[in-house]
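This structure is a prediction, so every number in the text was calculated from the model and none was measured.
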Amino acid sequence: MANYLNDVSRTFGEYLLIPGLTTKQCIPANVSLKTPLVKFSKDGIPPISLHIPFVSAIMQAVSGPELAIELARNGGLSFIFGSQAIASQTAMVRRVKKFKAGFVVSDSNLTPENTLADVISLVKKTGHSTIGITDDGTPNGKLLGIVASRDYRIEKDDPKMPVRDFMKPFDRLIFGKSGISLSEANQILWENKLNTLPIIDEDQNLIYFVFRKDYDSHRENPCELSDENKKLIVGAGINTRDYKDRVPALIEAGVDVLCIDSSDGYSEWQQETLHWIKACYGDKVPVGAGNVVDGEGFRYLVDAGADFIKVGIGGGSICITREQKGIGRGQATALIDVANTRDQYMKEKGIYIPIGSDGGLVHDYHMALALAMGADFLMMGRYFARFDESPTKVLRVGNNYVKEYWGEGSNRAQNWQRYDMGGNESLKFEEGVDSYVPYAGKMKDNLDVTLGKIKATMCSCGATTIDDLQKNAKITLVSSTSIVEGGAHDVILKDQG
C-alpha cells in the first residue's frame with residue numbers, strides 16, 4: 001500500500017507573517033540580506049555568500065551573460081543555462097568573467113566603408129548611439145575612429161555617405177591605454193568633458209569604452225558579487241548526460257559554481273554526477289543539486305556530495321509537471337519540510353547546507369515568506385525574464401509590451417537532458433509552456449523596489465538578518481476569506497489611467 005502523508009500540500013499564498021517587535025534598530029538601512037550559497041561547517045565561513053538572496057533560473061529565456069553581469073553587480077548570481085552547446089555556454093561564462101565594471105566591450109561597430117544608412121540601422125538595432133569604427137568592424141579591431149549622434153544629421157545627410165567622411169578619426173581622439181584604472185579613465189573623461197573614452201592596446205586595437213553616463217551607476221553598486229580577483233562571480237547549469245565533457249570546460253572558462261539542472265533531482269543519475277565531480281575536483285568548484293520536495297531527497301543528494309539543494313517541483317509559472325505527471329508538492333510545504341531536515345542535519349553533522357526555493361513565487365511578499373520558512377536564497381525565472389537584461393527581445397502584443405518566456409520543459413527549449421529518464425534523446429511530452437511576461441524595463445529599478453519590500457517586511461517581523469527572520473518569524477495559515485480581506489475590497493477603485 002502506498003505511503004500517505006498527513007500534511008496538506010500548501011502554497012505561499014496560504015500563509016502570512018505575524019509582526020514581531022520592531023525595535024528602533026529595525027530600519028531598512030540596518031537590514032543585511034547576505035546569505036550563504038554553498039555549504040560550510042558550523043564554525044566556518046561560507047566559500048561563497050550572496051549579498052542579496054536572489055539567483056536567476058537555469059533557463060534559456062532568463063540567464064544569459066547580460067543578466068549574469070547585471071545581477072552579480074547587484075549582489076546576486078546567475079546560472080548560465082546549460083541547454084546549449086558546451087562551447088557557447090563556456091563563451092558566456094568567459095564573457096561574464098572578463099567583464100570589468102565601467103569597461104564596456106563595444107557591441108556596436110562598423111568599418112569606414114560602411115554608410116550612414118548602416119549607422120542608422122545599427123543604432124535602431126542596438127539602441128547605442130556610440131559606434132566604434134574599426135578596420136574590420138569587430139569589437140577588437142584596429143580603432144580608426146568613432147561615430148556619435150552629433151556627427152551626422154539624419155534629416156539632411158545622404159544615407160549613402162561613407163562613414164569615413166563623417167566619423168571622428170583616430171588622430172582627433174582622446175583615448176586611454178590598456179591597464180588604465182577606472183578612476184583614471186573617469187578623470188580623463190571629466191577633465192576633457194568627454195562622453196566616451198576608448199581604451200586601446202599597444203597595437204591600437206579597441207578593447208573597451210568607458211562612458212561618462214556610467215560614472216554614477218558604478219557608485220550605486222556597492223553590493224557587487226566578485227571574487228578575490230575582482231571578477232564577477234557566475235554559475236552554470238549542467239546535466240547528468242555530458243557532464244564529463246561540460247564540467248571541465250566550464251571550470252577552464254572560470255565558472256565559480258555549478259548546479260545540476262533537473263525537474264526531479266532525487267535520482268541515481270545526480271548521485272553519479274556528484275560523485276564524479278567530487279572525485280575529480282574535490283572542493284575546487286561547488287556544485288548544487290535538485291530539485292527535491294522532501295527531506296528524504298535532500299539527504300540523498302547531500303550524502304552524494306551536493307553543496308546546496310534546490311527545492312521545488314511544478315511550482316514555476318511556466319511549469320506543468322504536476323499537470324502532466326501528477327508529481328510535486330506545494331512549494332511552501334516542500335520548503336518547510338526540507339528546511340527542517342536541513343536544520344536537523346546541521347545539528348547532527350555540524351555542516352550547514354543552504355537551500356534555494358525554486359518556483360511558486362507569485363507576489364513579492366512570497367519572497368519574504370520563503371526566506372522565513374528556511375530558504376537561504378530564491379531562484380527565479382519569471383521575475384528576471386521581464387527585464388531588459390534577459391536574452392529575449394521586447395515585443396508589442398496588442399497594446400502591451402512583453403518579453404517571451406518559455407520553460408526548459410517546452411519543445412522550444414528542447415532541453416531533454418533536464419527531464420532525462422535514461423531513454424532516448426528527445427522530449428516525449430512537454431512539462432513547460434511557451435508564453436509572454438509583461439516587460440518591466442531595467443533590472444536595477446525593479447530590484448531596488450523588491451528588495452525594499454523584503455527589508456520592510458523583515459523590519460515588521462523584528463529581524464535585521466535572514467538568520468534572525470528564520471529563527472524568530474511567526475507564520476500563520478490564512479483562510480480563503482481572509483485572503484480576500486487582505487486585498488482592496490468594498491470600495492470602488494479610481495481609474496488610474
Rounded to the nearest 0.5 Å, what separates atom [atom1] in [X] from atom [atom2] in [Y]?
X	Y	atom1	atom2	answer
Leu189	Leu182	CG	CG	9.0 Å
Asp261	Lys310	CG	NZ	5.0 Å
Leu250	Ile86	CG	CD1	7.5 Å
Tyr281	Ile251	OH	CD1	4.5 Å
Phe211	Phe103	CZ	CZ	12.5 Å

I'd like to know if the side chain of [X] pairs up with that of [Y] as donor and acceptor (distance under 3.5 Å, no hydrogens or angles considered).
X	Y	answer
Gln331	Thr11	no
Ser121	Asp118	no
Ser56	Ser78	yes
Asp337	Asn340	no
Asp136	Thr138	yes
Thr111	Asn114	yes
Asp376	Tyr352	yes
Asn205	Lys142	no

For the pair [X] and [Y], find out whether any cationic side-chain nitrogen is under 4.0 Å from an anionic carboxylate oxygen.
X	Y	answer
Glu66	Arg95	yes
Asp227	Lys231	no
Lys177	Glu184	no

Specify the closest pair of heavy atoms between [X] and [Y], including all atoms of both residues, with the distance to one decimal.
X	Y	result
Ala185	Val210	CB-CG2, 4.1 Å
Met379	Ile58	CE-CG1, 4.2 Å
Ile199	Ser178	CG2-N, 4.1 Å
Leu371	Gln470	O-CG, 3.0 Å

State, with a plain yes or no, whether a side-chain heavy atom of [X] is found less than 4.5 Å away from one of [Y].
X	Y	result
Gln204	Phe170	yes
Val311	Phe298	no
Val285	Asp256	no
Tyr345	Ile353	yes
Leu71	Leu77	no

Would Ser106 and Tyr208 count as a side chain to side chain donor-acceptor pair (under 3.5 Å) here? Give the steps. CA-CA 6 Å; Ser106 176; Tyr208 303 112; over 6 Å; no
Parallel, tilted or perpendicular: ring planes of Phe377 versus Phe308, cut at 30 and 60 degrees: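 The rings of Phe377 and Phe308 stand perpendicular, inter-plane angle above 60°.
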Evaluate the criterion side chain to side chain donor-acceptor pair (under 3.5 Å) for residue pair Glu404 and Tyr436; output intermediate values, then yes/no. CA-CA 4 Å; Glu404 291 182 294; Tyr436 299 114; 5.1 Å; no
Atom CD of residue position Glu268 - does it have more than 12 heavy atoms of other residues, nucleotides or ligands inside 6.0 Å?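 No, the 6.0 Å shell around CD holds no more than 12 heavy atoms from other groups.
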Tell me whether the count of non-hydrogen atoms from other residues, nucleotides or ligands lying under 6.0 Å of CG in Asp445 goes above 12.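 Enclosed.
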Test: Arg241 cationic atom under 6.0 Å from Tyr243 six-membered ring centre, within 45° of axis: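 No cation-pi geometry.
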